[in-house]
Amino acid sequence: LQARVETACASQWEWPARIAAGIRAAFAFAADHPHAARLLTTEALAGGEEGQLLHGRMISYFAAGLLPGRELDPRNEDLPTILESAMAGGVALVIGRRLDHGREGELPLAAVEAIEFVLTPYVGIDEARRISRKHSDSGL
Amino acid sequence: MDDTAQQPEDFTGAFEAAFARLQIRVETACAAEAEWPAQVAAGVRAALAFAAADPAAAGSLTSDVLAAGREGFARYDRMLGHFGERLLPGRALRPEGERLPEITEKAMTGGLAMLIAQRLDIGRAAELPALAEEAIQFVLTPYLGGEEARRVAEKPSTY
């Protein structure tokens with residue numbers, strides 16, 4: 001998953017496009033490899049203390065990737081410090097929920113919404129929507 | 001998912017009892033406020049206070065239920081859906097609210113629940129009430145915008 005996401009991010013120059021590409025890659029990974037994605041989400045959470053720690057580490061990793069979004073606008077300095085962890089955890093839950101219901105086929109479409117959800121605090125709803133739609137139009 | 005991780009009787013009763021208590025705490029707090037943003041703020045404060053005051057009950061709603069396999073995850077999902085529905089009226093507050101992604105409420109409540117679970121897992125439940133301002137701002141921002149969400153979050157509360 002890390003390799004897929006980082007390769008996708010590296011293909012883009014600007015931070016919002018990098019995040020969009022990374023989210024799209026993560027959702028595509030989950031759709032292509034639902035068993036592996038379940039290990040990272042619902043099964044990790046079901047794995048007791050150790051599994052939950054590993055899940056927390058994964059969330060922290062992806063949350064750290066969102067931090068540069070705070071530099072896009074001076075007003076972003078006022079964003080709550082929990083924002084990145086909470087959004088990454090929320091998106092992981094959205095993926096886990098689809099997988100748990102055997103609805104991994106919906107994940108590529110859900111990626112468009114996740115891109116908009118994650119980018120909105122940093123770039124505003126209109127720009128987040130424009131970027132997410134661009135990714136929708138480019139093949140999802 | 002390993003459905004044998006924990007037998008249903010191990011967690012079902014504890015989850016349902018804790019969920020009922022949390023619902024009462026949150027709904028009582030919300031009912032004390034007239035405006036939707038203040039209701040949400042009061043509800044978030046009440047949920048964090050509940051988790052800090054009774055980490056075992058809060059754990060049965062997060063880590064323990066998730067450790068119970070598919071049935072546990074379904075209950076967890078139902079709880080998030082319940083609280084997520086309380087956020088839906090926020091969409092009507094601004095014209096752009098109607099355009100928020102459909103996943104917003106579930107992702108917001110899921111993210112918040114995960115942060116609570118993390119604090120519980122590392123034995124830092126007592127820190128949870130101090131997260132209230134940030135958590136309220138996080139939850140209200142999509143509906144009110146950053147500035148107004150912050151203003152509501154910083155407003156003194158009885159919780």
Side-chain angles (χ1 to χ4, degrees), chain A residues 35 38-39 41-53 55-57 59-60 63 73 75-101 109-122 124-126 128-129 132, chain B residues 1-6 62-74 76-77 80-81 84 94-97 99-122 131-142 145-147 149-150 153:
Chain A
H35 179 66
R38 268 194 293 274
L39 284 175
T41 55
T42 50
E43 289 188 24
L45 290 167
E49 197 174 332
E50 189 183 351
Q52 287 165 12
L53 279 173
H55 183 265
R57 200 182 70 185
I59 296 303
S60 297
D73 189 309
R75 287 172 297 183
N76 290 354
E77 287 176 15
D78 293 333
L79 291 170
T81 56
I82 64 166
L83 177 71
E84 286 78 14
S85 294
M87 286 202 303
V91 169
L93 179 90
V94 166
I95 293 174
R97 188 166 177 262
R98 294 292 197 292
L99 293 170
D100 203 49
H101 288 86
L109 194 60
V112 177
E113 292 215 333
I115 292 166
E116 191 177 329
F117 171 72
V118 169
L119 288 179
T120 293
Y122 305 103
I125 191 167
D126 291 329
R129 178 164 259 230
S132 70
Chain B
M1 185 179 290
D2 182 5
D3 280 329
T4 64
Q6 198 176 347
T62 54
S63 306
D64 294 352
V65 76
L66 287 167
R70 178 162 287 137
E71 190 185 338
F73 195 74
Y76 183 73
D77 198 41
L80 297 184
R94 294 198 305 174
E96 57 266 44
R99 296 187 284 128
L100 287 170
E102 200 178 310
I103 66 166
T104 301
E105 287 76 20
K106 188 58 74 72
M108 303 288 276
T109 51
L112 207 52
M114 189 210 64
L115 287 179
I116 293 172
Q118 282 179 341
R119 293 298 192 290
L120 294 171
D121 287 346
I122 55 175
L131 283 181
E133 277 190 22
E134 294 226 330
I136 292 164
Q137 188 185 350
F138 168 69
V139 169
L140 289 178
T141 292
E147 269 183 44
R150 194 173 184 199

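Letters go in sequence order (proteins before strands), and every chain restarts at 1. Values reported hereafter were calculated over all heavy atoms of this structure, with side chains retained and with hydrogens, waters and symmetry mates removed.
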With a 4.5 angstrom heavy-atom cut-off, could you sort out which part of B/Ala113 is near chain A: side chain, backbone, both or neither?
-> neither

Work out which heavy atom in A/Phe117 is nearest to a heavy atom in B/Pro101; give both atom names and the distance.
-> N-CG, 3.8 Å

Closest approach of B/Gln137 to A/Leu79 (non-hydrogen atoms, all atoms of both residues) = NE2-CA, 4.1 Å

Answer whether the closest heavy-atom distance between the side chains of B/Leu115 and A/Ser85 falls below 4.5 Å.
-> yes

B/Glu102 versus chain A, heavy atoms under 4.5 Å apart: side chain, backbone, both or neither?
-> both

With chain B, which of A/Asp78, A/Val94, A/Asp126, A/Leu99 has the greatest number of heavy-atom pairs at distances under 4.5 Å?
-> A/Asp78

If you take all heavy atoms of B/Phe138 and A/Ala86, which pair is closest and at what distance?
-> CZ-CB, 3.3 Å

Should A/Gln52 and B/Thr62 count as side-chain neighbours, where that means a heavy-atom distance under 4.5 Å?
-> no

Mind running side chain to side chain contact (heavy atoms under 4.5 Å, CB included) on A/Leu93 and B/Met114 for me, showing each step along the way?
-> CA-CA 9 Å; A/Leu93 179 90; B/Met114 189 210 64; over 6 Å; no

Contact origin within A/Ile59 toward chain B - heavy atom pairs under 4.5 Å = side chain

Turns out that what part of A/Leu45 lies under 4.5 Å from chain B's heavy atoms comes down to both

What pair of heavy atoms forms the shortest contact from B/Ile103 to A/Glu113, and how long is it?
-> N-OE1, 3.0 Å

Is there a donor-acceptor pair under 3.5 Å between the side chain of B/Glu134 and the backbone N or O of A/Thr81?
-> yes

To the nearest 0.5 Å, how far apart are CD1 in A/Ile82 and CG in B/Leu112?
-> 6.0 Å

Under 4.5 Å from any heavy atom of chain A - which part of B/Ile136 | neither

